Each structure stands twice: as structure tokens, then as C-alpha cells.
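In what follows, every heavy atom counts, from backbone to side chain, and hydrogens, waters and symmetry copies are set aside. Everything numeric in this text was worked out from a predicted model, so none of it was measured.
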Amino acid sequence: MMQHNAPSLAEEESIFSRYIELSGNPMMPVTPGSCIGRALRLSHFFLTSEVGDEKEQDQLHNYSIDTATDKIYATTLGVLHIHNNKIVVRPILYPANDGMTVYGDIYHKDFSGNSLLLSHYAAALWHLNVNAPIDTARFNAAIRKAESQNTPVRMVPICKGRPAIHEEPPVIIPLLPQRRRHTVEKSSATVDFKDQGFFAEVPANTPVAVKIPSAEPSNGFDVYGNALPVMEQPTPVGENKTTTLNIGKNLYGILQQNGHTIYYSSCKGLMSIRDDTLSITDVLRIDGDVNIKTGNIIVEQGSVHITGSITPGFTVKAPQHVIVDASVDQGTISCGGDVFISGAIIMNKLNTILSKGSVYANHMHNAEVIAAHSIVTSGSIVNSKLTAGNAIRTCTEKGTVLGSTLVAGSEINIAGAGGENGSPPILIIRNNEGTQNTLRRITSEAEMVLSQSISKLDDWIKKSQEKKLTGSMCQHADTLLKKAKRIRENISNRVTPCIAHPLHRVIIRGTVAEGTQVTMHGQTLTIKHPLPKLSMELENHHRAVRSQTTGTGTASTVALSHYASTGRGEMFPAQAETEG
């Protein structure tokens with residue numbers, strides 16, 4: 001074996017030196033026509049006689065052997081490589097399968113230690129029938145990097161074809177994100193992965209999207225020079241079709257000098273992208289469930305419509321209404337309007353539904369609901385705590401209340417109270433004195449303003465008469481004075497009586513279980529025996545509790561208790577009576 005001048009050999013070089021009497025550095029590429037060395041073991045090389053062999057006919061070895069001298073000559077630009085226990089020259093140029101790009105490994109020295117030039121790569125590309133121009137800027141940058149680092153730069157795209165530009169519709173790109181992230185003040189703060197930001201309000205006349213016109217259609221070519229014509233027919237609809245946005249409602253566009261079109265919001269609202277259409281809307285639609293994919297839904301404008309459910313641990317907040325087509329499962333809702341839930345409210349008493357309007361649901365279990373107006377359900381209420389500023393109602397005969405506390409401002413109307421499967425409920429009508437005091441204060445302020453206006457008008461009329469102004473002006477002032485007095489009378493006669501004697505009542509249309517508690521204005525009635533029905537009303541300071549029972553063929557009304565009102569608004573029981 002030939003002794004090399006190098007003091008030591010790399011591992012790869014040691015392997016090749018077992019089979020070749022090397023003439024250079026096998027870690028560097030050989031060029032076509034250069035002598036690699038003399039073969040020591042021909043069994044590890046592809047001989048010319050083996051070209052027709054079926055086993056080796058697809059093997060590209062990229063060298064030739066002079067059988068007289070056993071010298072090996074490279075036929076392509078490449079590096080030595082062992083494949084299937086035989087020596088081959090692996091090319092360092094890699095055409096892509098689509099024929100649009102040729103990648104190359106860029107070396108700064110060759111097998112013999114000479115500089116590799118652009119011409120060597122150009123000759124190798126010609127050998128591959130590539131006629132696309134070399135990207136000289138990219139090639140020279142890669143050569144400089146390989147020389148400075150003394151290592152090759154792998155997979156550099158040195159040749160590229162030009163794709164055909166087909167006729168396509170313009171592209172619309174949003175300029176604003178649908179969500180804005182909450183800023184984290186401290187990096188050490190815990191991260192809530194359910195909180196993916198809030199859907200921000202878009203002010204009127206805000207740029208929200210830009211339409212980029214498509215380029216002029218033109219033919220292309222691949223790296224081999226094959227033409228790529230423009231498609232005359234549009235791309236058929238399929239799985240790989242690229243979707244583009246469309247412009248929806250509440251947007252207007254202004255054409256720019258560069259051919260782009262900027263779209264602005266015509267009103268204040270939320271930016272919504274749904275069904276590939278961009279719009280400004282007051283109702284944000286969430287397709288499917290509110291879960292880890294969507295995160296919490298928080299909006300600062302309009303309402304939210306959820307086509308699925310709110311899953312455990314997630315929150316929905318909106319300044320107006322919240323509509324849920326399915327159920328709320330241990331989720332939280334807070335809104336400034338009404339809450340509509342087509343399914344059930346099922347909670348673990350750790351979450352709350354808070355509404356400044358009314359709440360409508362099909363069924364409630366372990367729910368805590370607070371509504372400024374009313375709470376209405378078509379099913380039962382089980383182990384829940386409901387608080388409504390006005391009324392709580394179950395609108396079907398299946399609306400039984402079990403083991404729950406219901407607090408309402410004026411009315412509780414339910415199908416049944418308690419039963420075999422649950423403990424009796426607690427029903428409370430609270431006397432909202434704050435609302436009455438507020439209305440009285442507003443009425444008093446209105447009367448004061450009108451009185452001041454009447455006084456000023458009266459003084460002005462007297463002064464006008466002294467100055468002998470025209471009769472039409474005095475007549476007009478007198479008309480205004482009479483109108484102001486009529487307004488004051490309306491306030492005094494219509495508003496004040498309404499707040500003085502509100503109607504409060506508790507109605508249980510079906511069975512009333514033993515132990516059911518009914519509280520009105522601090523006075524509590526506990527049902528000691530099951531009843532078929534119950535009606536308790538308070539109107540104009542008259543209070544009464546009645547139960548209606550039905551027998552076979554006859555009906556009778558039993559007055560359980562009569563309550564009289566003292567001057568201080570207290571209630572005390574009288575003797576029970578029976579009416580035939």
C-alpha cells in the first residue's frame with residue numbers, strides 16, 4: 001500500500017486507502033477527468049464489464065478504470081462514497097423532483113487541493129442537461145463561507161426555474177389580528193393557557209384589510225429549459241384549493257396608487273373572519289365549543305354566539321348578549337345583556353353566570369345565576385342558587401325546584417317545590433327598598449327642575465308684559481308654562497303610585513313538599529304538610545297565603561293563614577278559615 005505524506009488519516013480517508021492508492025484528499029470532490037488513484041482491490045469497484053449486469057445496471061458509479069494500469073478516473077463532479085460495499089463517486093448536485101431547483105454542496109477546494117471554480121459547477125450542470133443560469137451571487141457567498149469555515153456549505157439552491165404565473169383572484173390580507181394578547185407585567189407570572197386574548201373593538205374608519213391584485217399571467221420554465229405554460233382553465237375545486245378571503249359587511253375600500261385597495265371599517269364593531277369572509281359585526285360567532293382550541297372568549301363590543309358548548313373552566317364575557325346553542329358545563333359567563341342557553345347549565349358551584357339582563361336555559365343543576373331582570377327555565381332547578389332582580393319562572397310543568405334557593409325581586413312562579421328525589425327549596429321575595437328610593441329621588445329631582453322652569457317662565461312673562469312685547473311672544477310663553485305644569489302633574493300622578501305599592505307574589509302551580517320555605521319582606525312561612533298548590537301575594541299592603549285542593553267531584557279553597565298589615569309594614573298571622 002502506498003505511504004502518504006500526511007502524518008495521520010481521517011477515519012473516512014483510512015477506509016478509502018484500503019482499496020485505493022489515493023492521489024489526493026478523498027474528503028474533497030473530484031472533477032471530471034482527474035485521477036483518483038490506483039485500485040488495490042478491484043472487487044470493491046464497478047468494472048466496465050459489469051455495466052450490463054442486471055444487478056448493477058442502475059448503479060451510478062461515475063468513474064472509469066484503466067484495466068492496464070488499474071488507475072481510476074472521475075467522470076463527474078462528486079465525492080468518494082461507499083455504497084453496498086463498493087466505491088462510487090456521489091454527485092454534489094441534486095436536482096429537485098419537480099425540476100424547479102438544483103441544490104449543490106459548495107466546496108472551496110477539490111481532490112487535488114486546487115480551488116474549485118464556478119466553471120466546474122457549470123460543467124457539471126451541463127452534464128445534467130441543466131441550462132438554467134447559476135445564481136452567481138448565492139454561489140460566491142457560499143464559496144466565501146466554505147473557505148472561511150473550511151467546511152462545505154450543504155444544499156445551496158444555485159439554479160432555479162421560473163414558475164408560470166397563472167391568472168388568479170386578488171389576495172385579501174387582514175391588517176389587524178382578531179385577538180389582542182393580554183400583556184404580562186412580570187415574566188415570572190403564571191400563564192393561563194385558556195386565556196388567548198380578547199377580541200378587540202375596531203373603531204370606525206380603521207384600516208382592517210388590504211387587497212393585493214394578482215400579477216400579470218406569464219409562462220415559466222424549469223431548470224432543464226422545459227416550458228411551463230399558463231393554465232387557460234382555472235384550477236379545479238379540490239382538497240388543495242387555496243382559499244382566499246372575501247369582503248363582507250360594514251367595510252368600504254379605497255384604491256391606492258400602487259393598485260392595492262385598503263378596506264376600512266364603516267362602523268364600530270368586531271373584526272370577524274367566518275366562512276372565508278371578513279366583516280365588521282356586532283355578533284361574534286364561535287363555531288363549535290369554547291375549549292382549549294378557542295380559549296376564553298372576551299369581547300369589548302357586541303354579542304357572542306356560540307354554536308357549541310362552554311366546556312369546564314372557560315369564560316365568556318361580552319358587553320351585550322351571550323347565546324349558547326348547546327350547554328354550559330362548569331363555565332363562566334358575564335355579560336351586559338341577556339344570556340340564552342339552549343341546553344342545560346351544569347356547574348360545580350365554583351362558576352357563576354352573571355347577566356345585567358335576563359337568563360334563559362333549559363335546565364339548571366348546581367348553578368349559581370345572578371340576573372338583573374329575570375331567570376327563566378323550561379326544565380327543573382336542582383341544588384342551585386338563583387338571584388333575579390325581577391322574576392324567576394319555570395315555564396313548563398316539568399319545572400320542579402329541588403334543594404335550591406331562589407331569590408327574586410317581585411315574583412317566583414314555579415311548577416313544583418321539592419319531591420321524593422330532592423329536598424324542598426327556599427323561596428325568597430326581597431323588598432328592594434333601594435329601587436323605590438332611587439325612583440323617588442329621580443321623581444323629586446324632576447319635579448324640582450320643572451318647578452324652577454315654571455318659575456322662570458312666569459317671571460319672564462311678567463317682565464314681557466311690562467315691556468309691552470308682542471302678544472304672540474306672550475302667548476307662546478304662556479303655552480310653554482301650561483305644558484310644564486302638565487308634565488309635573490303627570491309625574492306626580494303616574495310615577496309615584498307605581499313605586500308605592502308594587503306587586504310581589506310566589507306561585508307554585510304543582511305539588512308543594514313539606515319543609516318548603518317562602519319568605520316575603522322578612523316574614524317566613526314554612527309548609528308543614530304537603531300541598532297540591534300554593535299562591536302567596538302582596539299587593540297594596542294586603543297579604544294572603546292560599547292553597548287550592550281538589551277532591552272527587554268537588555273543589556274547596558282552604559285559607560291557611562290571613563295576614564294583616566300594621567302601619568310599620570309588619571305581618572302577623574290570624575285564625576285559619578275554611579271556605580266551602
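- Checking side-chain atoms of Ser404 against main-chain N and O of Val401 turns up no donor-acceptor pair under 3.5 Å.
- Across every non-hydrogen atom of His529 and Glu514, the tightest pair is N-CG, 4.3 Å.
- The closest donor-acceptor contact from the side chain of Asn258 to the backbone of His260 lies under 3.5 Å.
- To the nearest 0.5 Å, atoms OG (Ser384) and CD1 (Ile392) are separated by 10.5 Å.
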Which is it for Glu411 and Arg393 under the salt bridge (charged side-chain N to carboxylate O under 4.0 Å, His left out) test, yes or no, and what are the steps along the way?
CA-CA 8 Å; Glu411 178 184 334; Arg393 299 187 182 97; 3.3 Å; yes

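- At distances below 3.5 Å, not a single donor-acceptor pair connects side-chain atoms of Thr206 with backbone N or O atoms of Ser265.
- Salt bridge status for Glu397 with Arg509: present, with a side-chain N to carboxylate O gap under 4.0 Å.
- Residues Ala388 and Ala391 come closest through the heavy atom pair CB-O, 3.5 Å.
- One N or O on the side chain of Thr377 and one on the backbone of Gly379 form a donor-acceptor pair closer than 3.5 Å.
- Between the side chains of Ser380 and His363, at least one donor-acceptor pair of N or O atoms lies under 3.5 Å.
- Taking both residues in full, the closest heavy atoms of Val359 and Ile345 are given as CG1-CD1, 4.4 Å, listed atom of the first, atom of the second, then distance.
- Proximity of Val369 to Lys385: side-chain heavy atoms (C-beta onward) are nowhere separated by under 4.5 Å.
- Separation of atoms CG (Asn348) and NE2 (His365) is listed at 10.5 Å; rounding is to 0.5 Å.
- Contact between Ile172 and Leu245 at its shortest, heavy atoms only, is CD1-O, 3.4 Å.
- In the model, Asn362 has a side-chain atom that pairs as donor or acceptor with a side-chain atom of Ser378 under 3.5 Å.
- Residues Ile370 and Leu386 are not in side-chain contact: their nearest non-hydrogen atoms beyond the backbone lie 4.5 Å or more apart.
- Considering only heavy atoms from C-beta on, Leu534 comes within 4.5 Å of Val518 through its side chain.
- No side-chain donor from either of Asn250 and Tyr264 sits under 3.5 Å from a side-chain acceptor of the other.
- Rounding to the nearest 0.5 Å gives a distance of 10.5 Å between OG1 of Thr405 and CD of Glu368.
- Annotation: side chain of Asp282 is not in contact with side chain of Ser303 (no heavy-atom distance under 4.5 Å).
- Checked by atom type and distance alone, the side chain of Ser355 pairs as donor or acceptor with a backbone atom of Gly337 at under 3.5 Å.
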Run the numbers on Asp329 and Ile310 for side-chain contact (heavy atoms from CB on, under 4.5 Å), then give the verdict.
CA-CA 6 Å; Asp329 183 5; Ile310 301 178; over 6 Å; no

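- Contact between Gly313 and Asn296 at its shortest, heavy atoms only, is O-OD1, 4.3 Å.
- The aromatic rings of Phe340 and His321 sit perpendicular to each other, their planes meeting at more than 60°, with 30° as the lower class boundary.
- Distance CG/Asn413 to CG/Leu406: 11.5 Å, rounded to 0.5 Å.
- A donor-acceptor pair is defined here as one N or O able to donate and one able to accept, closer than 3.5 Å; no such pair exists between the side chain of Thr315 and the backbone of Thr332.
- Val299 pairs with exactly one of Val283, Leu284, Val316 by the side chain to side chain contact (heavy atoms under 4.5 Å, CB included) rule, that one being Leu284.
- The shortest distance between side-chain heavy atoms of Val208 and Leu251 falls below 4.5 Å.
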Output, in order, the C-alpha distance, side-chain angles, deciding distance and verdict of side-chain contact (heavy atoms from CB on, under 4.5 Å) for Phe314 and Asn351.
CA-CA 10 Å; Phe314 289 90; Asn351 306 96; over 6 Å; no

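- Rounding to the nearest 0.5 angstrom, the gap separating the OG atom in Ser279 from the CG atom in Asn246 is 9.5 Å.
- Side-chain atoms of Asp338 and His373 include no donor-acceptor pair closer than 3.5 Å.
- Side-chain contact check for Lys249 versus Thr281: some heavy-atom pair is nearer than 4.5 Å.
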Before giving the answer on side-chain contact (heavy atoms from CB on, under 4.5 Å), spell out for Thr394 and Ile381 the whole-Å C-alpha distance, their side-chain angles and the decisive distance to 0.1 Å.
CA-CA 9 Å; Thr394 61; Ile381 302 173; 3.9 Å; yes

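- With a 4.5 Å cut-off on side-chain heavy atoms, Tyr360 and Val339 do not count as touching.
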Go through the steps for Met347 and Val328 under the test side-chain contact (heavy atoms from CB on, under 4.5 Å), then give the verdict.
CA-CA 8 Å; Met347 295 186 176; Val328 177; 4.2 Å; yes

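- Side-chain contact of Asn390 with Ser410: a donor-acceptor pair under 3.5 Å is present, judged by distance alone.
- Contact check for Thr261 versus Ile254: no side-chain heavy atoms found under the 4.5 Å cut-off.
- To the nearest 0.5 angstrom, Asp289 atom CG is 8.0 Å from Thr294 atom OG1.
- Taking all atoms of both residues into account, the shortest heavy-atom contact from Lys268 to Gln301 is CE-OE1, 3.5 Å.
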